[in-house]
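Below is one structure; the comments refer to it alone.
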Amino acid sequence: MRDACRLFPLLFLALLRGLCHGREPAPGAVTCGSVLKLLNTRHSVRLHSHEVKYGSGSGQQSVTGVEASDDANSYWRIRGRSDGSCQRGTPVKCGQAIRLTHVNTGKNLHTHHFPSPLSNNQEVSAFGDDGEGDDLDIWIVQCSGTYWEREDAVRFKHVGTEVFLSITGEQYGHPIRGQREVHGMSTANHHNYWKAMEGVFIKPSMDPAKHDEL
């Protein structure tokens, strides 16, 4: 009993120290600067873009979903709302605003008030040059915990128009036959869940100056 009494203050201090410093990110947290592919869990296709422009609507670079897991045009880099707001290696929090920059073309995932060509939902495009676009490139990561974990299915809600990044299965013909339409939907449902898949992930660190690549 006497030993337990001595131990209690130490346990209390350890608990207090943990509360003051906040919860450490799990090793599987998705981090700023990571390059990854995103899988739509309902339709099993990866978020994709390429140098093919929409023939209607905005005429900007199209964004689609592809079944192939090895397509190099499906890589996206996670960046902050503005430069410096999401330092490399910092875990992405649930509710955080991010940009998704297409690696091969340098354009950001974007949406605006144009109808999508197949479903007549809201068009999603890739926009900007060398990672610089405008305020319609900003998305909120919606997840249930503290951080966006790699094994979690998450939603991306657009800040400017409040739609969710979605796929409902419509397929394009020539010249991108078989690829799925990506669009924005006003309701949260099973068509707008995404999961982090293949990529180069920066190890999570609460100190952005200390990080390594997996």
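- The CZ atom of Arg180 lies 9.5 Å from the CD atom of Glu170; values are rounded to the nearest 0.5 Å.
- Not a single donor-acceptor pair under 3.5 Å links the side chain of Arg81 to the backbone N or O of Asp135.
- Side chain of His102 to backbone of His50: no donor-acceptor contact under 3.5 angstrom is found.
- Screening Arg155, Gln142, Arg42 for a side chain to side chain donor-acceptor pair (under 3.5 Å) with Asn192, the sole residue that qualifies is Arg155.
- Using modelled atom types, one side-chain atom of Ser166 and one backbone atom of Phe164 make a donor-acceptor pair closer than 3.5 Å.
- Within 6.0 Å of CD in Gln171 there are more than 12 heavy atoms belonging to other residues, nucleotides or ligands.
- Ion pair Arg46/Glu67 not flagged as a salt bridge, since none of the NZ, NE, NH1 or NH2 atoms sits closer than 4.0 Å to an Asp/Glu carboxylate oxygen.
- Clustering ILVMFWY residues whenever any of their side-chain heavy atoms sit less than 4.5 angstrom apart, transitively, puts Val66 in a cluster other than the one holding Val63.
- Atom-to-atom distance recorded for His158:NE2 and Trp139:CH2 is 5.0 Å, nearest 0.5 angstrom.
- Checked options Glu198, Lys37, Met197; the residue passing with Ser69 is Glu198 (criterion: side-chain contact (heavy atoms from CB on, under 4.5 Å)).
- Exactly one of Arg79, Glu132, Arg77 qualifies for a side chain to side chain donor-acceptor pair (under 3.5 Å) with Thr101. That residue is Arg79.
- With hydrogens and angles ignored, the 3.5 Å screen pairs a side-chain donor or acceptor of Lys107 with a backbone N or O of Gly128.
- Paired with Trp194 under the rule side-chain contact (heavy atoms from CB on, under 4.5 Å), one option of Leu39, Val141, Thr41, Leu47 passes, and it is Leu47.
- A distance-only check finds a donor-acceptor pair linking the side chain of His191 to the backbone of Ile167 [under 3.5 Å].
- Looking at Tyr172, its side chain never comes within 3.5 Å of a backbone N or O of Leu118 through a donor-acceptor pair.
- Glu181 and Ser119 are linked by a side-chain donor-acceptor pair at a separation below 3.5 angstrom, with hydrogens and angles left out of the test.
- When each of Ser62, Ser116, Ser58 is checked for a side chain to side chain donor-acceptor pair (under 3.5 Å) with Glu123, only Ser58 meets the rule.
- No side-chain donor-acceptor contact under 3.5 Å links Ser186 and Glu162.
- Side-chain atoms of Glu149 come within 3.5 Å of backbone atoms of Ala29 as a donor-acceptor pair (strictly under, hydrogens ignored).
- Atom CZ of Phe114 and atom CG of Asn120 lie 13.5 Å apart (nearest 0.5 Å).
- Of the possible polar contacts, none joining the Asp129 side chain to the Gly106 backbone as a donor-acceptor pair under 3.5 Å is found.
- Side-chain atoms of Arg99 do not come within 3.5 Å of backbone N or O of Asp137 as any donor-acceptor pair.
- We find that Lys195 and Glu151 are not joined by a salt bridge, their nearest charged nitrogen and carboxylate oxygen being 4.0 Å or further apart.
- Remark: side-chain polar atoms of Asp71 are paired, donor with acceptor, to backbone N or O of Asn73 under 3.5 angstrom.
- Of the inter-residue distances, the one linking Ile138 atom CD1 with Asn108 atom CG reads 7.5 Å to the nearest 0.5 angstrom.
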